[in-house]
Protein chains: 2
Amino acid sequence: MTVTLADVAARAQVSPATVSRVLNGNYPVAAATRERVLKAVTELDYVLNGPASALAAATSDLVGILVNDIADPFFGIMASAIQSEIGGAQGRAGGERLAVVCNTGGSPERELTYLTLLQRQRAAAVVVTGGAVEDGPHAAAIAAKLRKLTDAGTRVVLCGRPPAEDTGAVALAFDNRGGARQLTGHLIGLGHRRLGYIAGPEERTTTRHRLEGHRQALTAAGLEDDPALTVHGRYDRRSGYEATLELLRRAPDLTAVVAANDSVALGACAALRESGLRIPEDVSVAGFDDLPFSVDAVPALTTVRLPLSKAGARAGRIATGREEPPPGGIATVRGELMVRGSTAVPRG
Amino acid sequence: MTVTLADVAARAQVSPATVSRVLNGNYPVAAATRERVLKAVTELDYVLNGPASALAAATSDLVGILVNDIADPFFGIMASAIQSEIGGAQGRAGGERLAVVCNTGGSPERELTYLTLLQRQRAAAVVVTGGAVEDGPHAAAIAAKLRKLTDAGTRVVLCGRPPAEDTGAVALAFDNRGGARQLTGHLIGLGHRRLGYIAGPEERTTTRHRLEGHRQALTAAGLEDDPALTVHGRYDRRSGYEATLELLRRAPDLTAVVAANDSVALGACAALRESGLRIPEDVSVAGFDDLPFSVDAVPALTTVRLPLSKAGARAGRIATGREEPPPGGIATVRGELMVRGSTAVPRG
DNA sequence: CCACGGATAGAAAGCGCTTGCTGCACGTGG
DNA sequence: CCACGTGCAGCAAGCGCTTTCTATCCGTGG
């Protein structure tokens, strides 16, 4: 039925051991023998049985990438960068790794499920992207699972997520706090005093950090942090739209809206426009992340650029052991303020 | 070191066979025994060895999803929908499947590599999304590989890709031709006579089909198909920007630009605007796919909506055997023309 | 000319799990 | 009261590969 190593061995007139060694290339095999084996392999169209070799070798070439929402370009870009450093036609032959991305939907349960599944597959490495949920029990469960993975020899790297102590995981964290501080600082510098803030889901670290940065900037400028000016929502366009309407209701006098990310900012723009407000003449709008579409918005979106590709690529390299982890296993990746047309000096 | 089935068996005072049966739930086990086993499992924190069970059972619970570009929301949305029907907490317990998405970058070589890797893992199913490349040898190699996969019992479904004959693969194809015809027809109906067309990469089926639809509409209206009005590029914003500049150089008198997809259309908008042309007063612009950001463009983009989520979900269900494949293994999924602000009656 | 070492190939013992078959202890009908 | 069917559990044979250890062959130096 299916071709096995033994079939190839028989055809090449060698032992299965030899075939295995040719395929893995980690043991001297005479050139002539190797040729003969390779010939048999192609003639029989032999494909190695992954599970069997993983079982025998007690390792696998699977690398898992966990993302919160694969449909969101933020994660898509990061996943793409990670995968490009892992999968496919890398230099050294045989180093074929299967990079697989798993969509957790941001739910800790699913995150845990996937981690278990990867553990079950004896994954070689796992990259977890995006902010974490701060709910105690969940966070603990995930930390414990990460710990188990690293103990079992799986390399774990967190990309765009704060470090998890005591798990042996390497972390490449985004400086969300600093970016947000800069962004809000920019608006304050322009003269804005009443800034609406559309935050993400309450329980996420990313949400909290960005909000903290925003508040730090307010405080630094001696501005009051009116709780009515902060609305929580999801990280999507729809949410930005609705939150903006709510903000407008609560504070018709605001002159700027800072959004949790670019998608939310776009929704905010739509809501403002429909409310008859011009951007940036009447209200300035700012986003976060600098996704590709942000520069095409009209007006182009002022935002904080996160080096998603660069960070992802680095995470991928660390995960495959091709780059040393940062000292202490923790590195902070900074964003860059991109000032564009959507923010301006407030009216009157 | 690591906990094995045997350890659980010892602790629960049963044979390994019994533990296996409890875990797989496909053989009668007395309730009391089951309890005991389950208790031992949690106490030991046992995690099944995936490769070992895949080897023994000659099946695995891996489902592969191939996409051209994971950073592109078009694929992100589809992948998300597919995965939502496959992975994680589905109803029936134990039915844990690991849905993995693989980024081919649109290259047939990598597509083949991933297919082989999945074959090697003895994947339960494979969903291939996005248009194919039409280069003969590559197409044949991929078809052969698909054939091998289906022969080996792997369910293969093509989502948003034309049927591959003789491969045993189920196909859910988008009606790109019809959508494009409708879209261009809409523009012609508005009175446009000189329409620029920004096509995707030449060798892709999606490109060809959309272009064919466009031309059918032109022909039906008795319009000449001026080859100077068609420019090929990639499926991204940048490409749309450059192609538009080129079109403007070639035909300053055009009144409409039809783009291969929404990202390209956005690039086109940017180029037009920078050239001092207003949309839609001076030039109408149309896209394809109706990705989430298209409605937020200013003006909102006229486009053809493809039911990405719906199609993806269906593909996922078929891949997991929870839905019957369409009769003949082929179904065509139609798009819907979304007329919005970016298209209007031409000036003068 | 023989002993010895390096290079290469083979034998065989698992890796951890699934599953067909056997075995045992009941409960039931004759 | 015995034969038999049923329900559960265990035995043991692999699944296809890797890898340690051993065997063989040859070239070389003494």
Side-chain angles (χ1 to χ4, degrees), chain A residues 1-38 40-41 44-62 94 96 117 119-124 152-153, chain B residues 1-38 40-41 44-62 94 96 117 119-124 152-153:
Chain A
M1 181 60 220
T2 62
V3 182
T4 73
L5 235 211
D7 299 329
V8 176
R11 181 164 243 264
Q13 317 239 52
V14 296
S15 74
T18 301
V19 177
S20 173
R21 301 206 258 243
V22 168
L23 262 24
N24 291 299
N26 50 13
Y27 189 90
V29 174
T33 315
R34 181 202 317 296
E35 296 270 296
R36 205 143 33 90
V37 170
L38 257 20
V41 166
L44 292 177
D45 204 15
Y46 170 68
V47 175
L48 191 70
N49 182 317
S53 78
L55 172 58
T59 65
S60 104
D61 49 10
L62 209 68
E96 292 298 28
L117 243 31
Q119 180 186 10
R120 171 177 303 183
Q121 298 299 326
R122 305 300 189 254
Chain B
M1 180 61 220
T2 60
V3 183
T4 72
L5 235 211
D7 298 330
V8 176
R11 181 160 241 263
Q13 317 239 51
V14 297
S15 73
T18 301
V19 178
S20 172
R21 303 206 255 246
V22 167
L23 262 24
N24 291 299
N26 49 13
Y27 189 88
V29 174
T33 315
R34 181 201 317 297
E35 296 268 298
R36 207 144 30 90
V37 169
L38 259 19
V41 166
L44 293 177
D45 203 16
Y46 170 68
V47 176
L48 191 68
N49 181 316
S53 79
L55 172 59
T59 65
S60 103
D61 48 11
L62 209 70
E96 292 300 26
L117 243 29
Q119 179 185 11
R120 171 178 305 183
Q121 298 300 327
R122 305 301 189 250

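So you know, we letter chains A, B, ... as the sequences are listed, proteins then strands, and number each from 1. The shown structure was predicted, so the numbers you read here are calculated from the model rather than taken from an experiment. Quick note: numbers below take in every heavy atom, side chains included, and nothing from hydrogens, waters or symmetry partners.
Looking at which nucleotide of DNA chain C each of B:P51 and B:N26 is closest to, the 5′-most match is held by B:P51. Nearest-nucleotide positions on DNA chain D for B:A31 and B:R122 put B:A31 closer to the 5' end.
A side-chain contact (heavy atoms from CB on, under 4.5 Å) with B:Q121 holds for exactly one of A:L48, A:D61, A:N49; it is A:D61.
One finds a side-chain N or O of B:S20 lying less than 4.0 angstrom from the OP1 or OP2 phosphate oxygen of C:dT18.
Taking atom CG of residue B:L23 and atom P of nucleotide C:dG16, one finds them 16 Å apart after rounding to whole Å. As a whole-Å value, the separation of A:R120 CZ from C:dG16 C1' is 14 Å. B:D61 has its CG atom 11 Å from the P atom of C:dT18, to the nearest Å. Taking atom CG on B:L5 and atom P on C:dG16, their separation rounds to 10 Å, with Å as the unit. If you measure from atom CG of B:L44 to atom C1' of C:dG16, you get 15 Å, rounded to the nearest angstrom.
Here the straight-line distance linking atom CG of B:L44 with atom CG of B:L5 works out to 11.0 Å at 0.5 Å rounding. Rounded to the nearest 0.5 Å, atoms CG (A:L55) and OG (B:S53) are 9.5 Å apart.
Between A:D7 and A:T2, the shortest heavy-atom contact is OD2-O, 3.7 Å.
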Side-chain donor-acceptor contacts of residues 12-32 of chain A below 3.5 Å, not counting sequence neighbours, with atom names and distances?
unit_1 : atom_1 : unit_2 : atom_2 : d
A:S15  : OG     : A:A17  : N      : 3.4
A:S15  : OG     : A:T18  : N      : 3.4
A:S15  : OG     : A:T18  : OG1    : 3.3
A:S20  : OG     : A:N24  : ND2    : 3.3
A:N24  : ND2    : A:S20  : O      : 2.9

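Using a 4.5 Å cut-off on side-chain heavy atoms (C-beta onward), B:V47 and A:R122 make contact.
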Contact state string [nucleotides 9-15 of chain C, B base, S sugar-phosphate only, - no protein heavy atom under 4.0 Å]: BBB--BB

